[in-house]
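One structure is given here, and the rest of the page talks about it.
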Amino acid sequence: MSSKRNAGTDPVSRRNFVAKGAVAAAVAAGAGAKASTRAKHDSNIKIPGEVPTSLSENPKPAEFPMTGAQIFAKACKEEGLAALFCAPGNYVVINAIASEGIPSYGGRTEGMMCAAADGFARVTGEVVAASGTEGPGFTNMIMNIAAANAARSPLLVLASNMTLGLEDTEHGIQRVYQQPTTVGMKKYGKRLINPERVHEYAGYAFRQLKSGVPRPVHLDFPGEVARQRFESPEELRFYYDKSKYRTASRPHPSPREIAKAAAMIDKAERPIIVASAGVFYSKAWDALKVVAEKGDVAVVESGPSRGHFADDHPLSANTGPDALLSADLVVLAGQYCMPNIGEYSFDPDATYIRIDPDAADIGRNLPIDLGIVSCEKAALEALAEELPKKSRPAWRDELAAARAAFEAENDEHYRLGLKYSAQTGCVHPAVISKGIDDLLYKGDLPKEQTTVVSGGYGIGRYTRRRIRAFRPGQVCNGAYQYGAIGPDVGYTVGAGAAVQQGTGPQAPYRGAPVLAVTGDAGFAYSGMEVETLSKYRIPTVLVVYNNNAWGVWRAGESGGRSDTARAQHMYLFQENLRYEKIGEALGARGEYVTDADDFAPALKRSYEIAAAEGVSTVINCQAIKEFWSARDYPPGLLQKVEPGCMAYYH
């Protein structure tokens, strides 16, 4: 691989994301014991010439005569579909979408490319598509369709579906009836059976994706629909421009409700806003900041992405969990996936206001004192006008004290982590967490720069405590609500593609490396997508926490399984497995870190090479399963507090 990206593989302009001289230092450091392994396979692993050639081709927008697939693809282009992620299959549809000029990415499995699409949506807020073929390919997507549904992602799921003519034959059994499979996981679904209505159903899909509360939309294309040829628009039904089949209008709150909400906030001593997915999707972060500062209202984030309220703001409770219980008024703004009573760490006697565009959902799971049916941005803008200016110094002081206590607790974890690492000769998760914090937020890098995919189970409970967000879409919280197993590298493909394209809030950081965290169990699900990162030159630092076991190996401490005879082997792996070598074999670099002192240099070196050369690295951090034992290595497996930076699910 050349030290310069091939122009055909680089969709963005080169930018310098490392300090002057850092690249030379990284290369020099890599020449020693921690040398990059690239030299060993430069002559063997290479990107096929067809990849840069096809990526550099100009789009070929279809004109009549067109197939059903081309008509649908043109509608997707006109609707601003941000990207398509797929594995080979559903060929007529995915080829038509790529030809229209919609950025398209092909990976190893439909399931993980569905996760990639979801990851893209979580850090941009844009509508994105995933595609699968009928049968095994489509069913491989199910877990990540469900995860996208729990996250309320605007995901367009496209799938082929054999032909109508073969329905109810042996050839079509278990391949035809997709729609029931996604019941409960989608906002809308349709098996297209009338070719003349293909454009109409594109309108159905985008109406659902671009209005109200987003959730996946599932369309499946039998061969007769995808391949049907149309000579002119007159052969189609309902062939209208998007301005005719949907509206961009959004519900606005009534003045009476806003006045009541403002009075409730003004009266409260310690009000707090839970800013969730709806704040991000409606791009309401500026209005949120005005409301918070005008009324001295605390803000804590929840949702599949973080950063719409900066962690370093004096009113942020994202890293101040001790303050949550003091809140006497909670404003749930865009909290689409509602917690049950007791799941969020607020006083049971707190008063609740909920802002949501769906009236039918207000009052579900949690009793509400005031419900406001509105677009989140419209409601927050109206509230910013109505809310009287107020100062709450005692509340600010409590927030500051809670944040300080949280950081002190993190520092104590790090002190213990260094101690345990020295005792065991491996890497404690608190050391990994501190190393990420130091590189991304306390060194030469702008703290707003790096988008992070926060994954893993046990390791995530440490790293989430130090991963920060200072601008919208900076953190993709992979496990939010659904807790899907192992899609972290899939999410990384999508988030990384969004940064490389500079889509939505990622625009100022276009081309920067992304950082992702996963575990050894999760890597098994999505590790092959490291090849996808390498093929598309999506610069990534992937930290794999390798503790030789599933995170529940000592579940007997909380779940009773350790006392079950002949069971524990099911939770264990072989020890000291070399996941970084898988990364090397897939076209990335590999680093194997077995000593705590080596993690920070490996992380810095990997980031600098990613920034300079577009080359990803898998950092395999060797730990031991016993670190999750609170008895042997306190605090062991950390607990979570939600909402805030520790949010895992619920």
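The first residue of the sequence shown is numbered 1, and numbering continues consecutively from there.
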> If every non-hydrogen atom of Thr139 is compared with every non-hydrogen atom of Pro136, which pair is closest and at what distance?
Replying inline: OG1-O, 3.0 Å
> Sub-3.5 Å donor-acceptor pair from the side chain of Asp488 to the main-chain atoms of Gly456, do we have one?
Replying inline: yes
> If you measure only the distance, is there a donor-acceptor pair under 3.5 Å linking the side chains of Arg471 and Thr451?
Replying inline: yes
> Between the side chains of Arg578 and Gln622, is a donor N or O closer than 3.5 angstrom to an acceptor N or O?
Replying inline: no
> Ignoring hydrogens and geometry, is there a side-chain-to-backbone donor-acceptor pair from Ser526 to Gly486 under 3.5 Å?
Replying inline: yes
>> Taking ring-ring contact (aromatic ring centres under 6.0 Å, His included) as the criterion, tell me which of Tyr457, Tyr571, Tyr545 meets it with Trp628.
In response: Tyr545
> Just wondering, do Met112 and Met528 contact through their side chains at under 4.5 Å, heavy atoms?
Replying inline: no
>> Are the side chains of Cys337 and Arg152 in contact, using a 4.5 Å heavy-atom criterion?
In response: yes
> Is it the case that Ser153 and Asp118 place a side-chain donor and acceptor less than 3.5 Å from each other?
Replying inline: yes
>> Can you tell me how far apart OG1 (Thr540) and CG (Leu542) are? Round to the nearest 0.5 Å.
In response: 7.5 Å
> Given side chains that start at C-beta, do those of Lys186 and Leu155 come closer than 4.5 Å, heavy atoms only?
Replying inline: no
> Does the pair Val618 and Val530 meet the rule for a side chain to side chain contact (heavy atoms under 4.5 Å, CB included), with working shown?
Replying inline: CA-CA 8 Å; Val618 175; Val530 169; 4.1 Å; yes
>> Just checking Gln423: does its CD atom have more than 12 heavy atoms from other residues, nucleotides or ligands closer to it than 6.0 angstrom?
In response: yes
> Once the angle between the rings of Phe138 and His218 is folded into 0 to 90°, is it parallel (under 30°), tilted (30 to 60°) or perpendicular (over 60°)?
Replying inline: parallel
> Please walk me through it: do Leu533 and Glu529 pass side chain to side chain contact (heavy atoms under 4.5 Å, CB included)?
Replying inline: CA-CA 6 Å; Leu533 294 170; Glu529 299 302 341; 5.8 Å; no
> Between Ser629 and Glu626, is any side-chain donor less than 3.5 angstrom from a side-chain acceptor?
Replying inline: no
> Would you find a donor on one side and an acceptor on the other, under 3.5 Å apart, between the side chain of Lys535 and the backbone of Gly106?
Replying inline: yes
> Does any non-hydrogen side-chain atom of Leu445 lie less than 4.5 Å from one of Tyr607?
Replying inline: yes
> Under the side chain to side chain contact (heavy atoms under 4.5 Å, CB included) criterion, do Phe599 and Val543 qualify, and how do the steps go?
Replying inline: CA-CA 10 Å; Phe599 176 70; Val543 177; 4.2 Å; yes
> Looking only at heavy atoms, what is the nearest atom pair of Leu416 and Pro635, with distance?
Replying inline: CD1-CD, 4.1 Å
> Do Asn546 and Asn548 come within less than 4.5 Å of each other through their side chains, counting heavy atoms only?
Replying inline: yes
>> With a 4.5 Å cut-off on side-chain heavy atoms, are Lys447 and Arg468 touching?
In response: no
> Would you say the side-chain atoms of Gln449 pair up with the backbone N or O of Pro446, donor to acceptor, closer than 3.5 Å?
Replying inline: no
> With a 3.5 Å cut-off and no angle check, do the side chains of Ser302 and Glu642 form a donor-acceptor pair?
Replying inline: no
> If we only count heavy atoms from C-beta on, is the Arg589 to Arg605 side-chain gap below 4.5 Å?
Replying inline: yes
>> Strictly distance-based, threshold 3.5 Å: is any side-chain N or O of Glu591 a donor or acceptor partner for the main-chain N or O of Thr617?
In response: no
> Is the closest side-chain heavy-atom distance between Ile624 and Asn547 below 4.5 Å?
Replying inline: no
>> So does Phe120 get a backbone contact from the side chain of Glu126, meaning a donor-acceptor N/O pair under 3.5 Å?
In response: no
> Is there a donor-acceptor pair closer than 3.5 Å between any side-chain N or O of Glu301 and the backbone N or O of Asn318?
Replying inline: no
> Do Ser534 and Ser616 meet the criterion of a side-chain donor-acceptor pair at a distance under 3.5 Å?
Replying inline: no
> Considering all heavy atoms of both residues, which atom of Met646 and which atom of Pro321 are nearest to each other, and what is their separation?
Replying inline: CE-CG, 3.7 Å
> Judged by atom type as modelled, is there a donor-acceptor pair below 3.5 Å linking the side chain of Thr424 to the main-chain atoms of Tyr420?
Replying inline: yes
>> Going by side-chain contact (heavy atoms from CB on, under 4.5 Å), name the residues that satisfy it together with Ser454, two or more places apart in sequence or in a different chain.
In response: Arg464, Ile467, Val475
>> If we ignore hydrogens and angles and just use 3.5 Å, is the side chain of Tyr579 paired with the main-chain N or O of Gly519 as donor and acceptor?
In response: no
>> Run Gln501 and Gln506 through side chain to side chain contact (heavy atoms under 4.5 Å, CB included) and show every step you take.
In response: CA-CA 8 Å; Gln501 290 179 202; Gln506 305 299 333; over 6 Å; no
>> On the six-membered ring of Tyr480, is Arg122 placed so that its NZ or CZ lies under 6.0 angstrom from the centre and within 45° of the ring axis?
In response: no
> Going through the checks in order, is the salt bridge (charged side-chain N to carboxylate O under 4.0 Å, His left out) test met by Asp311 and Arg403?
Replying inline: CA-CA 10 Å; Asp311 285 342; Arg403 291 192 298 267; over 6 Å; no
>> Using every non-hydrogen atom in the two residues, find where Met113 and Cys86 come nearest and quote the distance to one decimal.
In response: CG-O, 3.4 Å
> Taking all non-hydrogen atoms of both residues, which atom of Val128 and which atom of Ala121 are closest, and how far apart?
Replying inline: CG1-CB, 3.8 Å
>> Looking at every heavy atom in both Tyr105 and Ala83, which two are closest together, and how far apart are they?
In response: CE1-CB, 4.5 Å
>> Using a 3.5 Å distance criterion without hydrogens, assess whether the side chain of Gln474 forms a donor-acceptor pair with backbone atoms of Thr450.
In response: yes
> Nearest 0.5 Å, what's the CD1-NZ distance between Ile609 and Lys604?
Replying inline: 11.0 Å
